[in-house]
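Shown next, in C-alpha cells, is the structure this report addresses.
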There are 2 protein chains.
Amino acid sequence: MARPRSTAADSAILDATRATLVELGWPKLTMGHVAARAGVAKTTLYRRWPSKSALVVDAVAILFDELELPDRGSLRGDIEGVVGSFATLLERPETKTSLMAVVAESTRDPALRVHIREAIVQRQKHLVQEGRDRAQRRGELTSAPHPGTAARQVDLIFDVIAGAVVHRALVSAEPVDGAWTTMFTELLLGGLSSLDEASDSASAY
Amino acid sequence: MARPRSTAADSAILDATRATLVELGWPKLTMGHVAARAGVAKTTLYRRWPSKSALVVDAVAILFDELELPDRGSLRGDIEGVVGSFATLLERPETKTSLMAVVAESTRDPALRVHIREAIVQRQKHLVQEGRDRAQRRGELTSAPHPGTAARQVDLIFDVIAGAVVHRALVSAEPVDGAWTTMFTELLLGGLSSLDEASDSASAY
DNA sequence: GCCATTTCGATACGACTCGTAGCGTAACAC
DNA sequence: GTGTTACGCTACGAGTCGTATCGAAATGGC
C-alpha cells in the first residue's frame, strides 16, 4: 500500500546486534546500543522484534548455517568433523554469551521457545539425518525398522551431540580438543551400533 | 571479634531466593524482592554475594544434592535411574529458569564460572564415579588402564549425560520420558563397552 | 556488667534500562 | 500528485541497579 519496511534496516540491525554481542556481551547489550549502532531509532527495533531475546535469536541463528558435514569417508570422520565445527562455533563470543541466555529466557516464554526451536534446532537437525544417510549408504549402519524409530533416533543423537559439546564447552568450561572429540566419537559410535542391533531385534522400540 | 554474621539470615535469604524463583522466575527476580521476602535489608545481600547470579548459584546448588544413585542391580538400571531423577530436578521451576541463566552469565564472568563448577558440577561428579565403580564390581566394565584415562572418561560421561538431558529438556523442549530414557541408556551402554574395549587395546588413549 | 567492634535495617541516591507514546518528516505505492 | 505507512527523534514514568550513609542492635573480650 505505502512505504515498505526497509530491508536494509533489517540487516543493519542484525549486524549491529552481532557486533554489540561481541563487544559488550549479552548482559550489557541493550536495545538502545543496538539502535544507535545500526543508525536506527529504538522504536524501529520494537516495531519488528518483541524483545531483546527474539532479536538475538535471529541475529545468531544465521551463524549456525555455517555448520557443514563434509564427507570424510567414514561415520567416525563425519562425527569428529561436525563436533569440531560446532565447538568452533561455540567459541565465538556472539554465540557463547547469547545462546544460553536466550534458552534461559525461553523457559518462561513459550513463543520464544518455539522461535528457537524453529530457527536453530530444527533448522540444523538435517545434519544428523545427512550423516545417518551417508553411514547407511556405506553400510556402517542399517536403516531403522519403523520410520518413527528413525526420527526418534535422529532427535536423540542431536540432543546427545549438541548437549554434550555445549555442556563440555560452557558448563564444565573445558576445551573441546582433539582428545575429547576422539573419545566422545568412540562413545557415540559404540552407542550407535548398539542402537542398531537393538532395533534390529524387532520389538525393542 | 564482634558481632558475627547471622546464619539465620543466610538461610532465610537462600529460602527466599528459591521461593522468588518459583514465583517470579529468574528474569523478574530482583535483589529487592529477595531482600523484602527474607525480611532483610538489600545491603545485607550485597555484603554476602557479589551479584544476583552468585546468590542464585548457591540457592540452587543445594537442590542438586537430592540426586542419588540407588543400586538397581545393573548399570542399565543405574543409568536410567539417575537420568530420571535428573530430569525431575530440571522440571522444578527453581532450576529450570535459573540454571541456564547463570551459565549464560558465567561466560563473561570467570569467578562465577569457577563458582558454578565447584558448587554444582564437581560436587555431583561423584555420581558418575560411583556408578562406574559399581559396574566394575559387577563385572560390567573393566577398569581403565591409566588413571588419567579413567578420569577423562568420567568427565566425558558426565558431560554426555548432563548435556543430553539438559538439551532434551530445555533446548529441544521435549519430555525426558521413559521411551527417551530407554533409548538414551541403550546408546550410552553401547558407547561405554566400546570405550572399554578401545582402552583395553593398549595405546588408544 | 561494660565496651569496642561489627553487623544490621532503613533510606536515599544517581545512573541506567525498559517499553511506549507523540510528533513531524521522509519514502514508497498507486 | 496524493494517500498511506514507516521512519527518526524526543520525552516519559516505572523499575532496577549497586552504593553510601546513618543510628540501632547484637555479640565477644575483658
Side-chain angles (χ1 to χ4, degrees), chain A residues 1-17 19-21 23-59 97-98 101-102 104-106 108-112 115, chain B residues 1-17 19-21 23-59 97-98 101-102 104-106 108-112 115:
Chain A
M1 301 295 222
R3 181 177 180 180
R5 286 196 175 167
S6 159
T7 57
D10 270 320
S11 49
I13 292 171
L14 292 175
D15 286 344
T17 303
T20 309
L21 274 177
E23 198 171 302
L24 302 179
W26 159 272
K28 294 192 177 177
L29 175 143
T30 72
M31 297 300 251
H33 286 145
V34 175
R37 182 159 208 150
V40 151
K42 205 173 52 164
T43 12
T44 303
L45 266 69
Y46 281 106
R47 285 194 189 101
R48 303 171 191 219
W49 288 277
S51 69
K52 167 177 162 178
S53 310
L55 167 63
V56 171
V57 169
D58 282 347
T97 59
S98 56
V102 294
E105 299 226 348
S106 79
R108 281 251 160 183
D109 181 342
L112 182 63
H115 188 185
Chain B
M1 296 295 229
R3 180 178 182 179
R5 288 197 174 166
S6 160
T7 56
D10 270 321
S11 48
I13 291 170
L14 292 175
D15 287 345
T17 303
T20 309
L21 274 178
E23 197 170 304
L24 301 178
W26 160 272
K28 296 193 176 178
L29 176 144
T30 73
M31 298 299 252
H33 286 145
V34 174
R37 182 158 208 152
V40 153
K42 206 173 52 164
T43 337
T44 304
L45 265 69
Y46 282 105
R47 283 196 192 97
R48 301 169 193 218
W49 288 276
S51 67
K52 166 177 161 177
S53 311
L55 166 63
V56 170
V57 170
D58 282 347
T97 60
S98 57
V102 294
E105 299 226 349
S106 79
R108 282 249 160 183
D109 182 341
L112 183 62
H115 188 183

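Naming convention: chains lettered A, B, ... in sequence-line order (proteins, then strands); numbering from 1 in each chain. All values derive from a computational prediction rather than experimental measurement.
Between D:dG8, C:dT17, D:dT16, one nucleotide has an atom nearer to the side chain of B:H33 than all others, and that is D:dT16. Nearest nucleotide to the side chain of A:M31, out of D:dC9, C:dG19, D:dT19: C:dG19. Of the candidates C:dC28, D:dG8, C:dC18, C:dC18 carries the atom nearest the A:T30 side chain, counting heavy atoms from C-beta on. Of the listed nucleotides (C:dG9, D:dC7, D:dG18), D:dG18 has the atom at the smallest distance from the side chain of B:K42. For B:Y46, whose side chain is taken as the heavy atoms from C-beta onward, the closest listed nucleotide among C:dC8, C:dG19, D:dG18 is D:dG18.
Put simply, CD1 on A:I13 is 12 Å from C1' on D:dA6, counting in whole angstrom units. Spacing between atom CH2 of B:W26 and atom P of D:dT16 amounts to 15 Å, rounded to whole angstrom units. At whole-Å resolution of the value, CG in B:L24 and P in D:dG15 are 13 Å apart. Rounding to whole angstrom units, NZ of residue B:K52 and P of D:dT16 are separated by 10 Å. Distance NZ (A:K28) to P (C:dT17): 10 Å, rounded to an integer number of Å. Here D:dC17 presents its P atom at 11 Å from CG of B:L55, a figure rounded to the nearest Å. Computed from coordinates, the A:L45 CG to D:dG8 C1' distance equals 13 Å when rounded to whole Å.
For the pair B:R47 and A:P50, nearest-nucleotide mapping onto DNA chain C gives the more 5' position to B:R47.
B:A35 and B:A41 get closest at one heavy-atom pair: CB-C, 4.0 Å. Looking at every heavy atom in both residues, B:A54 comes nearest to B:H115 through O-CE1, 3.5 Å. In terms of heavy atoms, B:A38 sits closest to B:A12 at CB-O, 3.7 Å.
The existence of a salt bridge linking A:K52 and A:E105 is excluded, since no basic side-chain nitrogen approaches an acidic carboxylate oxygen closer than 4.0 Å.
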(request) Carefully, step by step, assess A:K28 and B:R108 under the rule side chain to side chain contact (heavy atoms under 4.5 Å, CB included). (result) CA-CA 10 Å; A:K28 294 192 177 177; B:R108 282 249 160 183; over 6 Å; no
(request) Let me see the working for B:V57 and B:W49 under side chain to side chain contact (heavy atoms under 4.5 Å, CB included), right down to the final yes or no. (result) CA-CA 10 Å; B:V57 170; B:W49 288 276; over 6 Å; no
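Axis angle across the helix from C:dG1-D:dC30 to C:dC30-D:dG1, with five pairs used at each end and values rounded to 10°: 30°.
One cannot find a donor-acceptor pair under 3.5 Å joining the base of D:dA6 and the side-chain atoms of A:T44.
Only one option out of A:V34, A:T17, A:T97 pairs with A:V56 in a side-chain contact (heavy atoms from CB on, under 4.5 Å); it is A:T17.
Contact annotation for B:T43: base contact, defined as any heavy-atom pair under 4.0 Å involving a base atom.
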